[in-house]
Novice: 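First, the structure itself, so that you have it in front of you.
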Amino acid sequence: MKVLLTGGAGFIGQHVHDQLLAEGHEVTVLDSFRPDVHAHRPEPRPGLIVGDIRDADTVAEAVHGIDTVIHLAAKVGLGVHLDDIDDYVSSNSLGTAVLLKSLGTVRNFVYASSMVVYGEGRYDCDEHGQVAPGHRRTEDLDAGRFEPPCPLCGAPLRPGLVTEDAVPDPRNAYAASKLNGEHLAATWARETGGRVTALRFHNVYGPGMPRNTPYAGVAAIFRSMLERGETPRVFEDGGQRRDFVHVRDVAAAVTRSAAALPQQPAFRAYNVGTGTVTTIGEVATELARAYGGPAPIVTGEYRLGDVRHITASSDRLKDELGWKPAYDLQTGLEDLLRSAG
């Protein structure tokens with residue numbers, strides 16, 4: 001394949017780039033090197049274009065001679081405040097639109113989506129079956145009631161694994177912009193006869209994780225605290241359920257999806273996670289053990305835009321494309337520790 005990889009200088013992008021080269025593909029990287037993520041802005045060199053996906057001329061240059069686009073470039077983060085809602089829409093929604101408009105004869109498109117498009121994950125009520133909990137209320141969180149109740153009877157809910165058929169429910173600006181990107185890509189596919197695979201990444205960790213930036217995930221934040229000799233601080237009661245997937249497993253899912261595009265339908269979404277449930281508290285404890293640092297403390301603090309539980313079934317990706325994760329959490333964190341040494 002001749003691949004354009006947007007965001008190829010980022011955390012996930014560098015691993016995808018390495019995987020593509022290892023598989024023998026020809027790769028052009030387009031990255032803006034935005035200063036809130038990258039300390040330095042390099043000069044253009046063969047195989048690298050420094051520029052913004054919102055610039056149509058830059059994108060037109062980047063897609064020349066390309067047959068497949070892997071679109072990772074995005075403004076990420078929590079997106080829980082309105083202060084930067086316009087930047088999310090501009091960077092993610094408009095950026096994706098400009099890219100799609102500029103693709104010309106390219107018909108293969110892999111889009112990096114996110115688990116955040118689901119909002120809260122799957123929940124079941126003993127009386128009412130599968131239900132969608134409402135937004136968590138400040139008064140409940142202040143009182144330490146972190147579990148969302150059944151919206152119909154108020155009873156406790158059982159969290160489960162969300163599948164790709166779940167109704168999206170984005171709950172912040174970042175989530176809304178990622179779902180909008182899926183919709184834009186699906187529209188492009190219908191109008192051009194192209195093929196889109198949307199990969200809904202779960203909590204990605206591993207070597208090269210960003211430190212002390214808005215792009216740092218919870219595992220990176222805990223690691224940075226431990227490396228500074230600080231005690232990891234866990235929000236809520238530490239029982240938030242997540243699915244942590246190693247970045248090299250994510251890179252393998254991306255390249256496998258790209259290679260399979262010619263046989264894919266116009267639009268197909270896949271969860272990219274391990275299928276293993278891990279709590280935030282467990283990750284903090286495991287990292288503290290690995291680094292020989294102080295045990296985490298549970299603060300009871302919260303962020304209103306956070307969801308309580310979101311864990312995935314990745315059976316569709318495993319069954320249809322033959323992907324499976326090579327790392328469990330223990331081996332993945334050991335790899336992270338080695339990379340930091």
Side-chain angles (χ1 to χ4, degrees), residues 7-19 37-38 72 74-79 112-116 118 121 161-162 174-175 178 199-228 230 232-235 238-255 270-293 296 303 306-307 309-312 314 317 323-341:
F11 165 43
I12 297 174
Q14 292 182 67
H15 289 273
V16 173
H17 183 252
D18 290 346
Q19 183 73 22
V37 183
H38 299 276
L72 305 182
K75 174 182 172 64
V76 302
L78 293 174
S113 188
S114 171
M115 65 177 187
V116 297
Y118 297 116
L161 301 182
V162 67
Y174 170 58
K178 295 308 288 183
L199 298 175
R200 295 169 179 169
F201 299 152
H202 282 249
N203 293 77
V204 185
Y205 72 98
M209 284 193 307
R211 301 166 183 258
N212 305 316
T213 78
Y215 287 60
V218 65
I221 292 169
F222 290 153
R223 182 186 66 172
S224 294
M225 289 178 174
L226 288 161
E227 289 176 342
R228 294 193 300 266
E230 300 173 3
R233 296 175 58 83
V234 179
F235 280 12
Q240 308 95 303
R241 292 159 53 104
R242 297 293 188 269
D243 188 336
F244 290 86
V245 58
H246 194 278
V247 66
R248 292 196 187 97
D249 287 331
V250 170
V254 171
T255 62
Y270 294 101
N271 289 329
V272 183
T274 65
T276 300
V277 174
T278 306
T279 68
I280 297 294
E282 288 169 343
V283 168
T285 298
E286 186 65 22
L287 276 168
R289 182 200 61 76
Y291 278 85
R303 292 178 294 227
D306 284 353
V307 299
H309 303 301
I310 175 65
T311 53
S314 296
L317 181 60
W323 172 89
K324 64 179 181 179
Y327 293 84
D328 60 21
L329 186 63
Q330 181 178 353
T331 58
L333 291 180
E334 289 171 354
D335 179 63
L336 174 63
L337 183 59
R338 286 192 299 271
S339 73

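As a basis for the values below, the full set of heavy atoms in this structure was taken, side chains included, without hydrogen atoms, waters or symmetry mates. Sequence positions, counted from 1, serve as the residue numbers for this chain.
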Novice: What are the two closest non-hydrogen atoms of Leu336 and Ser339, and how far apart are they?
Specialist: O-OG, 2.7 Å

Novice: Quick check for you: to the nearest 0.5 Å, what is the distance between Glu230 atom CD and Ser224 atom OG?
Specialist: 9.0 Å

Novice: Hey, could you give me the CD/CD distance between Gln330 and Glu286, rounded to the nearest 0.5 Å?
Specialist: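 If we round to the nearest 0.5 Å, Gln330:CD and Glu286:CD are 6.0 Å apart.
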
Novice: State, yes or no, whether a side-chain contact exists between Val283 and Arg223 at a heavy-atom distance under 4.5 Å.
Specialist: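 Val283 does not reach Arg223 side chain to side chain.
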
Novice: Could you tell me which residues satisfy side-chain contact (heavy atoms from CB on, under 4.5 Å) with Leu161, sequence neighbours excluded, listed by chain and number?
Specialist: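 Expected list: Val277, Thr311, Ser313.
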
Novice: For a 4.5 angstrom cut-off between non-hydrogen side-chain atoms, does Phe222 reach Val234?
Specialist: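 Result yes, sub-4.5 Å side-chain heavy-atom pair found.
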
Novice: Start with the C-alpha gap between Val162 and Ile310, add the side-chain angles, then the distance that decides, and say whether side chain to side chain contact (heavy atoms under 4.5 Å, CB included) holds.
Specialist: CA-CA 7 Å; Val162 67; Ile310 175 65; 3.8 Å; yes

Novice: Under a 4.5 Å cut-off applied to non-hydrogen side-chain atoms, are Asp306 and Gln240 in contact?
Specialist: no

Novice: Within the 4.5 Å heavy-atom criterion, are Leu333 and Leu287 side-chain neighbours or not?
Specialist: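 Yes; the side chains approach each other to less than 4.5 Å.
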
Novice: Could you report the tightest heavy-atom contact between Thr255 and Val16, atom names first, then the distance?
Specialist: CG2-O, 4.3 Å

Novice: Closest heavy-atom contact between Tyr205 and Phe11?
Specialist: C-CZ, 3.7 Å

Novice: With a 4.5 Å heavy-atom cut-off, do Thr274 and Phe244 have their side chains touching?
Specialist: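 No, every pair of side-chain atoms sits at 4.5 Å or beyond.
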
Novice: Say whether, by atom type as modelled, one donor and one acceptor occur between the side chain of Trp323 and the main chain of Val254 under 3.5 angstrom.
Specialist: no

Novice: Measure across Leu226 and Gly293 and return the closest heavy-atom pair with its distance rounded to 0.1 Å.
Specialist: CD2-CA, 3.9 Å

Novice: Decide yes or no for Lys75 and Tyr174: does some side-chain heavy atom of the first lie under 4.5 Å from some side-chain heavy atom of the second?
Specialist: no

Novice: Under 3.5 Å, side chain of His15 to main-chain N/O of Arg248, donor-acceptor pair present?
Specialist: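 No, His15 side chain to Arg248 backbone: no donor-acceptor pair under 3.5 Å.
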
Novice: Under the 3.5 angstrom rule, does the side chain of Thr279 hit a backbone N or O of Glu282 as a donor-acceptor pair?
Specialist: yes

Novice: Please report the shortest heavy-atom distance between Phe201 and Ala112, naming the atom on each side.
Specialist: CE1-CB, 3.6 Å

Novice: For His246 and Tyr327, take the angle between the two ring planes, folded into 0 to 90°, and tell me which bin it lands in: parallel under 30, tilted 30 to 60, perpendicular over 60.
Specialist: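 Ring orientation, 0 to 90° scale: parallel.
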
Novice: side-chain hydrogen bond (donor to acceptor under 3.5 Å, both in side chains) with Asp328: which residues, sequence neighbours excluded?
Specialist: Thr331

Novice: Before you tell me yes or no, could you show the steps for His202 and Val250 under side chain to side chain contact (heavy atoms under 4.5 Å, CB included), namely the whole-Å CA-CA distance, both residues' side-chain angles and the distance that decides it to 0.1 Å?
Specialist: CA-CA 9 Å; His202 282 249; Val250 170; over 6 Å; no

Novice: Just checking, any donor-acceptor pair under 3.5 angstrom between side chains of Arg200 and Tyr118?
Specialist: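 Present: a donor and an acceptor within the cut-off.
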
Novice: Where do Ala74 and Lys178 come nearest, in terms of heavy atoms and distance?
Specialist: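 Where Ala74 meets Lys178 most closely, the heavy atoms are CB-NZ, 3.8 Å.
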
Novice: Would you call Asn203 and Met115 a side-chain contact if the rule is heavy atoms closer than 4.5 Å?
Specialist: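 The answer is yes, as the side chains (C-beta and beyond) meet within the 4.5 Å cut-off.
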
Novice: May I ask you to decide if Met225's main-chain N or O and Glu227's side chain share a donor-acceptor pair within less than 3.5 Å?
Specialist: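 No: the side chain of Glu227 does not pair with the backbone of Met225.
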
Novice: Check whether any side-chain heavy atom of Leu329 sits under 4.5 Å from a side-chain heavy atom of Thr276, and report yes or no.
Specialist: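 The answer is no; the side chains never approach within 4.5 Å.
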
Novice: In Å, rounded to the nearest 0.5 Å, how long is the span from CZ of Arg241 to OG1 of Thr278?
Specialist: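 Answer rounded to 0.5 Å: 9.5 Å.
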
